[in-house]
Amino acid sequence: MIVFAFLLIALVVVVAGVTLAVAGGGSEAVLPEAEPDRLSDALPENRPVVRADIDELRLPVAPRGYRMADVDDVLERLAAELAERDARIAQLTAAVAPASVSASGPASASADGSVDLTKGAEQ
């Protein structure tokens with residue numbers, strides 16, 4: 001019975017010591033405060049997104065996966081950039097098409113109106 005009482009007191013002392021060590025027993029905490037896991041290096045705002053930006057992008061992890069707001073922001077930005085580039089490509093293709101047709105004649109344009117932009121393409 002004395003051994004049981006001694007083990008019980010020892011257990012209480014150990015649990016109290018660990019609790020004080022973890023919670024911090026005074027002005028100086030033993031464990032540092034955890035910083036919130038947020039997107040620190042977002043996509044650049046002042047220039048178009050390039051491949052290296054996507055390769056370096058690391059989304060913060062939440063308890064059940066990724067933070068939806070951060071992922072949504074990144075996907076919206078990428079969708080806008082891709083739409084802008086697609087519009088620019090279409091604009092440049094449309095500007096090249098009349099010049100290509102007038103330089104080589106209407107034979108270089110296909111029946112559906114698409115233009116072959118490759119150099120030296122054989123027909």
Test side-chain contact (heavy atoms from CB on, under 4.5 Å) applied to Val3 - qualifying residues, sequence neighbours left out = Leu7
Cluster companions of Val15 among Ile, Leu, Val, Met, Phe, Trp, Tyr (side-chain spacing under 4.5 Å) | Leu11
Contacts of Arg77 that satisfy side chain to side chain donor-acceptor pair (under 3.5 Å) - sequence neighbours left out | Glu81
Ile54 versus Leu78: any side-chain heavy-atom pair under 4.5 Å?
-> yes
Is there a side-chain contact between Pro48 and Glu84, using heavy atoms and a 4.5 Å cut-off?
-> no
Please name all residues satisfying side chain to side chain donor-acceptor pair (under 3.5 Å) with Gln91, sequence neighbours left out, ordered by chain then number.
-> Arg88
Which atom of Pro44 lies closest to which atom of Asp53, heavy atoms considered = CG-OD2, 3.4 Å
Give a yes or no on whether Val18 and Val13 share a hydrophobic cluster (residues Ile, Leu, Val, Met, Phe, Trp, Tyr; joining criterion: side-chain heavy atoms under 4.5 Å apart).
-> no
Using modelled atom types only, decide if a donor and an acceptor are shared between the side chain of Asp73 and the backbone of Asp70 within a distance under 3.5 Å.
-> no
What pairs with Asp55 under side chain to side chain donor-acceptor pair (under 3.5 Å), at least two apart in sequence or on another chain?
-> Arg51
Which residues satisfy the side-chain contact (heavy atoms from CB on, under 4.5 Å) test with Leu82, sequence neighbours excluded?
-> none
